[in-house]
Amino acid sequence: MKVRTRFAPSPTGYLHIGGVRTALFCWLFARRHGGQFVLRIDDTDQQRNVEQALEPILEGLRWLGIDWDEGPEVDGPHAPYYQSQRQSRYQQAVEQLLAGGHAYYDYARTEEITAEREAAQQEKRQFVYSRRWRARSDEDAQRFEAEGRQRVVRLLMPREGTLVIDDLVRGRVEFAWASEQDHVVQRTDGSCLYHLASVVDDHDFEISHVIRAEEHLSNTPRQAFIAQSLGYDLPQYAHLPYVAEPGSRNKLSKRKLEKYLKNKDFKTLAELGEQIAARIGLATSAETFNPVIVDFYREIGFLPEALVNYLLLLGWSLDDKTETFSREEMIAQFSLERVNRAPASFDPAKLLAFQQRYMQQLSVEQRATFVRPWAELGKLISTPASEKERARLQKVVTAAGDRLRVGGDILDYEEFFTEDDKLAYDEKAFEKRIRKPDDAALLLRELAAALAGVEPFSAPEVEAAVRAFIEQRGIKIGQVIHALRVAATGKAVGCGMFETLEILGRDSTLTRIERALAQL
RNA sequence: GCCCCCUUCGUCUAGUGGCCCAGGACGUCGGGUUCUCAGCCCGAAAACAGGGGUUCGACUCCCCUAGGGGGUACCA
C-alpha cells in the first residue's frame, strides 16, 4: 500500500511545539516508507487573512526541514489543499449521506437538545438524542418549518454494536456505538463541520495513515462512521500522546505562559530569548515569541537539527541508549510501534543540552557562519560583514568555543567589536578587581609595560610574558589576571585571557589598560 | 454525569514473567582539570501511583482506587 500521511494545521499564525512534533512524526513515517507527506490547511472557520496566518507555520516547517510533497505552494494532484475551498465537495458528501440513509435533517432547537442532555445527566445515564425533531418525511419537514424551525444535518449513528479500532500506537480500542451522538455535520447556514471535511479530505487525498494528536481518539468513531457510510476504506489510525507542560502531566498550552515561567528551566530559556531579541532589536510579544513556539528557536539561533532531534525523542525512542540521530538515521529507524503511549513533558533544559551538543559538533568555520547573522543584527559588525570583520568573528568564535550555545550568544562578546574608548565596564567587576585590591593598579601598570614588548603578540607569547611577570614578582596569576580581564574586556567572565588579548591585539590591549587605570 | 485513553528516577526513556535489590540521558549534588565562565573527566543521590489478585516468581498479566488527559459543541 502506498503510504500517505498528512498534517492539517489551522492557520493560527504560529507553530506550536506540540503541533510540530505531530508533523515530524507524520513526516518521518511517510519518509520511512517512501510515501508522501501532505499538508492540508484546516481553515473552515477562518475569518482572518489565511495567507498571513499560514506563513509562520510554513516557515517553521521549512526551517526544520519538514518538507511536504503536496499542499500550499507546491500544490499537487488533489488541489486545492485548503478546506475553505472545498465546501462544494463536502456538500456533495452530505447529500450522499442523506441519500444513503446515514444522516437526517433535524429541526431541534439548541435549547431542546440541551434540555435532553441535562435530563440524561441528572439521571446519570448516557445521553442519547430522542430524534424527536428528525424529519422522516417531507410532511415532517414542512410541519417543523411551519413552526419556524431551522434544519441541520445529523448523523444517524448506530445504537448498538461496537467499533474496534486497531490504533498503531494505542493498540486495540473499542467504542460502543450507543455512546456516540448524532453529531451535526452541516450547520443551519449550510456550512459543513470539521469531522465531515476531515474524513472527506483524507479519502480524497488518499491518506493511508492518519497520525494525529490523542485528542482526536475520541472523535474516531464518528469519523469512522462517516467514512463507512460514504463507502470509504478506513485509514490506519495512530494517536500520539500530547506534549505536556514542563515538569507536569498537564497538556502544554500557549495560554499558560505565566505558569511556565515559574519553571526554572523554562524561565532560563525564555530569558535567554528575551535578551537576544532585545539585542537584535526584535520586537516581541509573549503571544508570538516564547519557548512554546517554534519560531522562538529560529530567532535566537537554535540549530534546526537539534530541535528536531529533541522532538524526536519526545515520545519516541529507539532503545535504551541511542540519543543522537542524523536525519537519515531517524528516517531509517522511526516506527509508530515505539511511540510511547503516555504524554511526554517538554523539558527546556534537555532541549538546550541537545542544542549545545549539536553546536559543539560544528567546525569553527561552520559556527562562525552560523552565528554571523546575529552579529550583524546586533550591530557588532556591519551588514554585510566585511572580510576583516568575518576574520575577527571567526577568531572570537574560536576563542568562545563551547560558550556559544545558540547563535545569539555571540552577542555576549561585543567587547571584541567595540572601539577601545567605548568599552563599557561591569561596575561590580571593576570595583572588585581593579579599584579595591591595593596592588591591582600598580601591577596592571607594570604588566602593561611588560606586554608592550611582546613579539609577536600571540596567545602563547603573551602567556609566556605574563607567567614570567608573576614569577619574577613571586605572585599568583590570580592576583593580576582578573584585573587584566576587567581592564581589557570590561567583564568578570569571558574567553581565555591570552586568546582574548591576541584577538584584541597589542594596541587595543594597552589602550584599554591605560583607559581602565585612568578611571581610578 | 457518561464514554475513551494514560500512569517507571524532578524530566525524556529502557524494560513485553525470572537477565532488574530496575539500565541510559538531561537536570541536581559532590570532586577533579583551571586565569574567570563555559567545556571536559570522575562519582553520588534519585523511580516501578496505591491496593488487591494470578503465578514457584511480577515493572511486566487481571481487577479496583486515585491522579492526569480527551470526547460528550451548529469548535478544530
Side-chain angles (χ1 to χ4, degrees), chain A residues 8-10 12 42-45 83 106 110 113-114 117-118 120-128 150-154 165 167 169-170 173-176 178-181 183-189 191-195 197-198 213-222 239 241-242 244 246-251 264-265 310 313-323 340-354 356-357 360 400-405 409 412 429 433 463 466 470 476-482 484-486 489 491-498 500:
Chain A
S10 290
T12 51
D42 283 12
D43 57 348
T44 46
D45 69 349
Q83 291 195 327
D106 184 66
T110 312
I113 295 280
T114 309
R117 184 180 299 113
E118 281 170 0
Q121 214 174 97
Q122 291 266 309
E123 295 166 38
K124 301 195 178 185
R125 64 177 166 78
Q126 169 76 51
F127 161 63
V128 182
Q150 291 186 304
R151 70 180 191 191
V152 296
V153 175
R154 280 186 191 277
I165 296 290
D167 190 283
V169 171
R170 315 261 138 193
V173 184
E174 287 187 28
F175 299 89
S179 56
E180 294 299 320
Q181 305 301 319
H183 297 285
V184 172
V185 289
Q186 186 170 38
R187 300 182 179 95
T188 309
D189 68 4
S191 61
C192 293
L193 276 92
Y194 166 78
H195 295 290
S198 186
E214 182 189 11
E215 64 207 65
H216 285 293
L217 182 58
S218 302
N219 295 330
T220 306
R222 70 180 92 159
H239 289 93
Y242 61 91
S248 112
R249 282 284 202 223
N250 296 332
K251 192 177 171 183
K264 182 171 71 65
D265 300 325
Y310 171 74
L313 265 11
L314 200 57
W316 181 86
S317 67
L318 176 65
D319 53 32
D320 59 341
K321 43 183 70 77
T322 316
E323 284 224 312
N340 221 70
R341 282 201 276 264
S345 73
F346 173 63
D347 183 350
K350 188 148 187 170
L351 170 54
L352 195 57
F354 269 97
Q356 225 162 328
R357 211 178 287 175
Q360 285 174 359
D402 293 342
R403 294 173 188 82
L404 295 175
R405 292 122 73 223
D409 277 339
D412 284 338
R433 298 302 190 187
E463 174 160 12
V466 172
I470 59 170
K476 291 212 174 123
I477 196 163
Q479 285 175 260
V480 70
I481 207 156
H482 300 299
L484 179 59
R485 179 183 301 283
V486 175
T489 69
K491 296 176 179 175
V493 298
C495 306
M497 196 67 259
F498 310 115
T500 297

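Just so it is clear: chains get the letters A, B, ... in the order the sequence lines come, proteins before strands, and each one is counted from 1.
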Among B/C35, B/C5, B/C75, the one nearest any side-chain atom of A/I477 is B/C35
Any donor-acceptor pair under 3.5 Å linking the side chain of A/Q360 with the backbone of A/R357?
-> no
Starting at the 5' end of RNA chain B, which residue's closest nucleotide do you reach first, A/G315 or A/R357?
-> A/G315
Pairwise P distance, B/A25 and B/C35 [rounded to whole Å] | 30 Å
If you measure from the P atom in B/A47 to the same atom in B/G23, how many Å do you get, rounded?
-> 11 Å
For B/C6, take OP1 and OP2 only and decide whether either is under 4.0 Å from a side-chain N or O of A/R341.
-> yes
Under the 3.5 angstrom rule, does the side chain of A/R403 hit a backbone N or O of A/A400 as a donor-acceptor pair?
-> yes
Please report, rounded to the nearest Å, how far the C1' atom of B/U11 is from the CG atom of A/D347.
-> 5 Å
Between B/C5 and B/C9, how far apart are the P atoms? Round to whole Å, please.
-> 22 Å
Under 3.5 Å, is there a donor-acceptor pair linking the side chains of A/R187 and A/S191?
-> yes
Take the protein atom CZ of A/R125 and the nucleotide atom P of B/U72, then report the distance between them rounded to whole Å.
-> 19 Å
Regarding the side chain of A/V152, the nearest nucleotide among B/C35, B/C74, B/G71 is B/C74
Grab the two heavy atoms, one from A/Q186 and one from A/L193, that are nearest each other, plus how far apart they are.
-> N-CD1, 4.0 Å
Which one is paired to B/U7, where only Watson-Crick or G-U wobble pairs with both distances under 3.5 angstrom count?
-> B/A66
Closest non-hydrogen atom pair between A/R222 and A/E180, with its separation | N-OE1, 4.4 Å
Pick the P atom in B/C56 and in B/C12, then give their distance to the nearest Å.
-> 37 Å
Would one find a side-chain N or O of A/R433 under 4.0 angstrom from OP1 or OP2 of B/C35?
-> no
Assigned partner base of B/U72, Watson-Crick or wobble definition, under 3.5 Å | B/G1
Tell which nucleotide pairs with B/C37, taking only Watson-Crick or G-U wobble pairs whose two distances are both under 3.5 angstrom.
-> none
Distance, P atom - from B/A46 to B/G10, rounded to whole angstrom | 10 Å
Check: A/T188 side chain, B/C74 base, donor-acceptor under 3.5 Å = yes
Searching all strands shown, indicate the nucleotide that pairs with B/G43 (Watson-Crick or G-U wobble; both distances under 3.5 Å).
-> B/C29
Partner of B/U55 by Watson-Crick or G-U wobble geometry, both contacts under 3.5 Å, or none?
-> none
Rounded distance in Å between the P positions of B/C21 and B/C3 = 40 Å
Compare the minimum distances between each of B/C37, B/C26, B/C75 and the side chain of A/R187, then state the nucleotide with the smallest one.
-> B/C75
Distance between C1' atoms of B/U8 and B/U16 (Å, rounded) | 14 Å
Describe the nucleic acid contact of A/N219 in one word from base, sugar-phosphate, nothing, applying a heavy-atom distance below 4.0 Å.
-> base
Hey, is the side chain of A/N340 poking within less than 4.0 Å of OP1 or OP2 on B/A14, counting only N and O atoms?
-> yes
Specify the closest pair of heavy atoms between A/P241 and A/R341, including all atoms of both residues, with the distance to one decimal.
-> CB-O, 3.7 Å
Any donor-acceptor pair under 3.5 Å between the side chain of A/K350 and the base of B/A25?
-> yes
Nucleotide nearest A/L217 (side chain, heavy atoms from C-beta), chosen from B/G39, B/C35, B/C5 | B/C5
According to a strict under-4.0 Å criterion, is A/Q360 in side-chain N/O contact with OP1 or OP2 of B/G39?
-> no
Choosing from B/A76, B/U13, B/C26, which nucleotide comes nearest the side chain of A/S317?
-> B/U13
Quote, to the nearest angstrom, the P distance that separates B/C74 from B/G69.
-> 24 Å
The nucleotide from B/C6, B/C35, B/C74 with an atom nearest the side chain of A/R170 is B/C6
Closest of B/U36, B/A76, B/G27 to the A/A353 side chain is B/G27
Is there a donor on the side chain of A/R485 or the base of B/C35 sitting less than 3.5 Å from an acceptor on the other?
-> yes
Atom of A/E323, atom of A/L313 and distance for their closest heavy-atom approach | O-CD2, 3.2 Å
What is the nucleic acid contact for A/G494, judged by heavy atoms within less than 4.0 Å: base, sugar-phosphate only, or nothing?
-> base
Nearest-nucleotide check on RNA chain B, A/Y310 vs A/D265; residue mapping nearer the 5' end is A/Y310
In whole angstrom, what separates A/E323's CD from B/C12's C1'?
-> 8 Å
Taking a pair to mean Watson-Crick or G-U wobble geometry with both distances below 3.5 Å, B/C19 pairs with none
From the options B/G69, B/G39, B/A76, select the nucleotide whose nearest atom is closest to the side chain of A/K251.
-> B/G69
Of the nucleotides B/U11, B/C35, B/C74, which one has an atom closest to the side chain of A/F498?
-> B/C35
Minimal heavy-atom distance between A/Y310 and A/D347, with the atoms involved, is OH-N, 2.7 Å
Nucleotide nearest A/V493 when distance is taken to its side chain, options B/C35, B/U36, B/U8 = B/U36
Specify the separation, in whole Å, of atom CZ of A/R249 and atom C1' of B/U11.
-> 9 Å
Between A/S179 and B/C4, does any side-chain N or O lie under 4.0 Å from OP1 or OP2?
-> no
